[in-house]
Amino acid sequence: MPGFPPPGFPPAEGTPRKNKALGKVLGVLGAIVVIAVVVVIKVLISSVLGDATADAKAGDCVSIGKELGAEVSETTAEVVDCSSAEAGYTIVGRVEGTTDVMGTACDQYFKEGDDAVILAGDDYLLCVVAKP
């Protein structure tokens, strides 16, 4: 048979061998590059748009995007005048140095029966309650 070495002989020199380990390494590196690009894009968008609640403090009112709900992990919020029709929530506390919305950092600011929401900023939490 032309083109194939006879049985029992090693392949001719220069015949490329598949290196499965190299393929796996390249696959992992590709995934890391994709993740890094996504993170960089998110940081750039955040820096261009800015953090609308970066200077928010207790007593300020916020408008929260309509898509907010138990299943939503990200939403938009901005500080608005408390007399505004969009001011649906009041900030009752701010906790610096964390973004763990599942933790207990805001518990001290909430009362039983509050319609409470925890918003995460760049390195802080805003503890907010719905306005009556």
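Taking a 6.0 Å sphere around NZ of Lys131, one finds it holds more than 12 heavy atoms contributed by other residues, nucleotides or ligands.
When hydrophobic clusters are built by joining Ile, Leu, Val, Met, Phe, Trp and Tyr residues whose side-chain heavy atoms come closer than 4.5 Å, directly or via intermediates, Val101 is grouped together with Val95. If you chain together hydrophobic residues whose side chains sit under 4.5 Å apart, Met102 and Val117 never meet in one group.
Taken to the nearest 0.5 Å, the CD1 atom of Ile118 stands 4.5 Å off from the SG atom of Cys106. Once rounded to the nearest 0.5 Å, the distance linking CG of Leu119 with SG of Cys127 reads 9.0 Å.
Listed by first and then second residue, the side chain to side chain donor-acceptor pair (under 3.5 Å) pairs involving residues 96-115 are Arg94-Glu96 (not counting sequence neighbours).
The shortest distance between side-chain heavy atoms of Ile91 and Val62 falls below 4.5 Å. No side-chain heavy atom of Val80 sits under 4.5 Å from any side-chain heavy atom of Asp60.
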- [ ] Step by step, work out the side-chain contact (heavy atoms from CB on, under 4.5 Å) result for Asp55 and Val79.
- [x] CA-CA 9 Å; Asp55 297 325; Val79 176; over 6 Å; no

- [ ] Kindly indicate, with the supporting measurements, whether the criterion side-chain contact (heavy atoms from CB on, under 4.5 Å) is fulfilled by Val128 and Ile64.
- [x] CA-CA 10 Å; Val128 302; Ile64 298 177; 4.3 Å; yes

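Listed for the Tyr124 side chain is a donor-acceptor partner under 3.5 Å among the backbone atoms of Ala54.
A donor and an acceptor atom, one from each side chain of Tyr89 and Ser63, are nowhere located under 3.5 Å apart.
In plain terms, the two heavy atoms of Ala87 and Cys82 that are nearest each other are CB-O, 3.9 Å.
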